[in-house]
There are 2 protein chains.
Amino acid sequence: MSSAQPLYARLKDHVMNRIRAGDWKAGRRVPSENELVQRFGVSRMTANRALRELTADGYLDRVPGVGTFVRARAQQSSLIELRNIADEIAARGGKHAARMVVKEKTPTTPALARQFELSKPSKLDHVVLVHEENGVPVQIEDRYVNPAVAPDFLRQNFTKITPTAFLLAAVPVEELEHSVSAIQPSREQRRLLKMQDGEPCLALHRRSWSGGRVVTSVTLIYPGRRSALYSRYRTSANGTLSH
Amino acid sequence: MSSAQPLYARLKDHVMNRIRAGDWKAGRRVPSENELVQRFGVSRMTANRALRELTADGYLDRVPGVGTFVRARAQQSSLIELRNIADEIAARGGKHAARMVVKEKTPTTPALARQFELSKPSKLDHVVLVHEENGVPVQIEDRYVNPAVAPDFLRQNFTKITPTAFLLAAVPVEELEHSVSAIQPSREQRRLLKMQDGEPCLALHRRSWSGGRVVTSVTLIYPGRRSALYSRYRTSANGTLSH
DNA sequence: AAGTGGTCTAGACCACCAG
DNA sequence: TGGTGGTCTAGACCACTTT
């Protein structure tokens, strides 16, 4: 089962696995191109491509004449990464919990059929849950899923694995659509987020595609009082924005 | 003045200039690697790197055995591009106008000094303007600029050139920070945007760096009723999100 | 002086697609 | 069969930093 993966991709994986596992922490020097050439028996151009692409991807810093290092804050190039909120909270040192509010199969309304690009009426999976950080509600997740793409979705226990984590593992995402707006929360949403009257919310809507079909359509609602979306990144050498 | 630019970067520029100028439109075949080798006298690896990076940047599509083509919709990988609102409105076929509200030099408050990473008190340029599309206000721009980095800023006529357009041309941006939140607009902001009572706003805050110094800190305020931020993009081959 | 990254070359082999 | 992109090599020269 020798992988058909190209050599430079295997080198990238090797480095990323060390970083993800925590073996190589921020600021640590990673092997030089010549060291990779020695250890893996590849040409220097191949080692160079691996490290160069990881740098463009935001994971490494390279300093000519000095070396290559694990970047301090992994670059967050998009305002919205497809991340698991449980991981985000854990990264901040908080304790995540999720509370189920709705878990059902529901027939498509015309609006839902349009969102899922379905020509015929069908059934969709629907869940609503509230994510909490240290007991404080921080996000409402209102999600529809196409069961033709992710059949086992409704059978999961979403207090143990978040819908995002399940879908990320179950379905390869090929395309993403995001939009963000400010909304006045409904009474029910205010209650779930334990918000004061009059406070606005940030609504993030996302659709994802796999194999040309819409996998899921989700609305994430955050209390507006603190910024829910943040990114910081460098621009690439040629002046276009790095992505 | 032979440019110190590497060959692959010059090839990228050459292709991008043709695309930007409209010579090569969406779907058009661009020169193959071998054609670039012939015309520019470079090795195939160099031509390959140029076209490969432009593909990763979202501008081209490559099909093995067939060719390389200008991508239909230039990929909008980040939710927030550093774009000029006048261009955005023009791209939608609308008519842009800007109205000056404030144009002044102002001493730094402690909060501003922190934002600009200044150790000593100093003066900053400050402008507030309202951008309109077909006569309808669509954005408040509240911007501070470090005059040590962009000296001529306040001398511009911002009803003719937007602050973004001027700064993009005047200062190379190397790093960007964005955050988004939902806010309840002040009475003054409601007035400027001609909004109803109770409607929330989307606030986008951005800082940009050049040469290690903060160039500008800007807050863009949008009426929340329609989504101000949108993106759609594909994920890259190796499974990580394209940026 | 030795090591680093940055670039470039001139070949090569492969899978794929077209005529 | 010839052209395309995808990858890889084994060298090379350079500017730079560290020792």
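Heavy-atom basis, side chains included; hydrogens, waters and symmetry copies ignored. Lettering of chains follows the sequences in order, A, B, ..., and the numbering in each one begins at 1.
In this entry the distance linking CZ of B:R52 with P of C:dT7 reads 12 Å, nearest Å. Atom CZ in A:F40 sits roughly 20 Å away from atom C1' in D:dA10 (whole-Å rounding). When the P atom of C:dT7 is taken as reference, atom CG of B:L7 falls 10 Å away, rounded to whole Å. With rounding to whole Å, B:L51 atom CG is found 7 Å from D:dG5 atom P. In this structure, B:R49 atom CZ and C:dG6 atom P are separated by 9 Å, rounded to whole Å. Regarding B:M45, its CE atom lies at a distance of 14 Å from the C1' atom of D:dA12, rounded to whole Å. With rounding to whole Å, A:N48 atom CG is found 14 Å from D:dT7 atom C1'. Between the CZ atom of A:F69 and the C1' atom of C:dT4 there is a distance of 9 Å, given to the nearest Å.
Remark: A:R29 engages A:E35 in a salt bridge, criterion side-chain N to carboxylate O under 4.0 Å. Between B:R213 and B:E117 there is no salt bridge, since no side-chain nitrogen of the basic residue lies less than 4.0 Å from a carboxylate oxygen of the acidic one.
Using bins of under 30°, 30° to 60° and over 60° for the plane-to-plane angle, the ring pair B:F158/B:F166 lands in the perpendicular bin.
Annotation: cation-pi geometry satisfied between A:R49 and A:Y8 (NZ/CZ under 6.0 angstrom from ring centroid, within 45° of ring axis).
For A:N34, whose side chain is taken as the heavy atoms from C-beta onward, the closest listed nucleotide among D:dT7, D:dA12, C:dT4 is C:dT4. When each of C:dT4, C:dC8, D:dT9 is scored by its nearest atom to the side-chain atoms of B:S43, the top-ranked nucleotide is C:dC8.
With a 4.5 Å cut-off on side-chain heavy atoms, B:P147 and B:K105 count as touching.
Contact between the side-chain N/O atoms of B:S32 and the OP1/OP2 oxygens of D:dG3 is not found at any separation under 4.0 Å. Proximity of B:R29 to the phosphate of D:dT4: a side-chain N or O atom is located under 4.0 Å from OP1 or OP2. Under 4.0 angstrom from either OP1 or OP2 of D:dC8 there lies no side-chain N or O belonging to A:Y8. Phosphate proximity of C:dG5 to A:T68: present, with a side-chain N or O under 4.0 Å from OP1 or OP2. Residue B:T46 places no side-chain N or O under 4.0 Å from the OP1 or OP2 atom of C:dT7.
Minimum interatomic distance between B:H126 and B:L154 (heavy atoms only, all atoms of both residues): O-CD2, 4.4 Å.
Where A:R44 and B:E33 meet DNA chain D, the nucleotide closest to each residue was compared, and B:E33 sits on the side nearer the 5' end.
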Short heteroatom pairs, N/O only, protein and nucleotides 16-19 of chain D, under 3.5 Å:
none

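A:R206 pairs with exactly one of A:T216, A:T219, A:L176 by the side chain to side chain contact (heavy atoms under 4.5 Å, CB included) rule, that one being A:L176.
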